[in-house]
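Remarks on the structure that follows.
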Protein chains: 2
Amino acid sequence: MQTRPRRYHHGDLRAALLTRAEQTLREKGPAALSLRELARDIGVSHAAPSRHFKDKQALLDALALNGFERLGELMTECQARVGESFAERLDAMARAYVGFATANAALLDLMYSVKHNPEASQELRSAAQRWSEQIVQLIGEGQRRGEVRQGPVERVGLPVFTTLHGYASLAASGMLPPEATEHGLDDVIASILRGCAPEPASS
Amino acid sequence: MQTRPRRYHHGDLRAALLTRAEQTLREKGPAALSLRELARDIGVSHAAPSRHFKDKQALLDALALNGFERLGELMTECQARVGESFAERLDAMARAYVGFATANAALLDLMYSVKHNPEASQELRSAAQRWSEQIVQLIGEGQRRGEVRQGPVERVGLPVFTTLHGYASLAASGMLPPEATEHGLDDVIASILRGCAPEPASS
DNA sequence: ACCTGAACACCGTTCAAGT
DNA sequence: ACCTGAACACCGTTCAAGT
């Protein structure tokens, strides 16, 4: 029943809020996320968060942005640990993305959520774009290796990105058809490869 | 300042709530959706909605379910108004889906949202699946016409579905890279077709 | 600069009571 | 069966005041 004693100076309240927010997002879902409860859990007054996030949406925006950053890091890491062939790199990237999506379903939902502050959504859009450009870059390498068909790299890359994103977001929201759990991702990757392969002879 | 007079019997409160809810969802976003405000707008007491939806999430679930039903109808309609070739039918379906997604961005977000009542999410999952099966069916027709490569229809169809869904949901959330507005969807459709085309000679 | 405490206007949910 | 009105425990946000 006793509320925890309050230290006047919290080390890094902003970081503490984000960490705790992501934890409850993961454990109890986005509906259960309240600034007041966050403040209580951390041990500051309910008005303290407003010093660091001008409103609740600003905290959600920061959470989403942080998600994109971690996703980007995850991708560069996973690409460093894998061979050079396009098929291998695509496979690794696809599995890493889907892994992130299912391990952070609520966060992914938030990252691509339609409700963001107009100012923050600008920042988020460019974060999303930086991420999609990692796939585009992969396509570029594939083209240089002759393992991906020629053409403007953004135009060849976008369908790859939307395909992976579609699978990842369906997996995260639990809306994948039940048959998919078996070879779903394999089939998706195979289908991307078929669509990416250089044309046999023509032109 | 005056609150509207309250008719004791509302014609169909459930339907009125859903209609109004979708309107404010579209106009002011999901965060602005409150049961109390809905009740005020319609002219019933704030406790009246609970007769029709056991809680707020139940209303959101109903909204999402309704979205899937309309999406399904939209698809059967659009398929009725179009030629028989697979390419033509896929194109029509893709444009209709993306059209629905951008015209009902907040609703699409809700339809594939990760936070749903466990009981309702069952129902939603099967609604999502019925919808994805419309694409699978399209693939089946394409196979019979020899315009889509052979193989288990669900396994050939899933990548098509995830690709379309990925594009639609990115378009809805405004996260498509800016280059995409030009030929984004064309490229995606083309990439699906390339991946769906029957193999040239082998096997 | 950073935080508190009180205050304000809202919520969702429940429940006895009314018709 | 369907709705009301009051009550409860919560919200997010703001703002003077404290250190």
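On a predicted model such as this, the values are computed, not experimentally measured, just so you know. Below, chains carry the letters A, B, ... as their sequence lines are ordered, and counting in each starts from 1.
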Quiz prompt | A/Tyr167-B/His165 side chain donor-acceptor pair, cut-off 3.5 Å | solution = no
Under 4.0 Å between a Lys/Arg side-chain N and an Asp/Glu carboxylate O for [X] and [Y]?
X        : Y       : value
B/Glu37  : B/Arg20 : no
B/Glu141 : B/Arg89 : yes
A/Arg36  : A/Asp41 : no

Measure from [atom1] on [X] to [atom2] on [N] and round the result to the nearest Å.
X       : N      : atom1 : atom2 : result
A/Lys54 : D/dT13 : NZ    : P     : 9 Å
B/Ile42 : D/dC2  : CD1   : P     : 16 Å
B/Leu59 : C/dC11 : CG    : C1'   : 15 Å
A/Phe53 : C/dC3  : CZ    : P     : 12 Å
B/His52 : D/dC3  : NE2   : C1'   : 9 Å
A/Asp41 : D/dC11 : CG    : P     : 10 Å
A/Asp55 : D/dC11 : CG    : C1'   : 14 Å

The answer to which of A/Ala48 and B/Leu33 contacts DNA chain C further toward the 5' end, by nearest nucleotide, is A/Ala48
Open item on the list: Quick one, B/Asp186 with B/Arg95, criterion salt bridge (Lys or Arg N to Asp or Glu O under 4.0 Å). Give me CA distance, side-chain angles, the key distance, then yes/no.
Closed with: CA-CA 10 Å; B/Asp186 298 326; B/Arg95 286 178 207 285; 2.8 Å; yes
Checking N1-N3 plus N6-O4 or O6-N4 for Watson-Crick, or N1-O2 and O6-N3 for wobble, each under 3.5 Å, the partner of D/dC2 is C/dG18
C/dA7 -> Watson-Crick or G-U wobble partner, both distances under 3.5 Å, gives D/dT13
Side-chain atoms of B/Val44 come closest, of C/dT4, D/dT4, C/dT14, to D/dT4
The nucleotide from C/dC3, C/dG12, D/dT13 with an atom nearest the side chain of A/Leu13 is C/dC3
**Message:** Counting C-beta onward and ignoring hydrogens, is there a side-chain heavy-atom pair between B/Leu35 and B/Phe53 closer than 4.5 Å?
**Reply:** no
Comparing nearest nucleotides in DNA chain D, the 5'-proximal residue of the pair A/Leu35, A/Arg51 is A/Leu35
Atom pairs, protein N/O to nucleotides 6-10 of chain C N/O, distance under 3.5 Å:
residue: C/dA6; atom: N6; partner: A/His46; partner atom: NE2; Å: 2.8

From the list A/Leu17, A/Leu33, A/Leu107, side-chain contact (heavy atoms from CB on, under 4.5 Å) partner of A/Glu22 resolves to A/Leu107
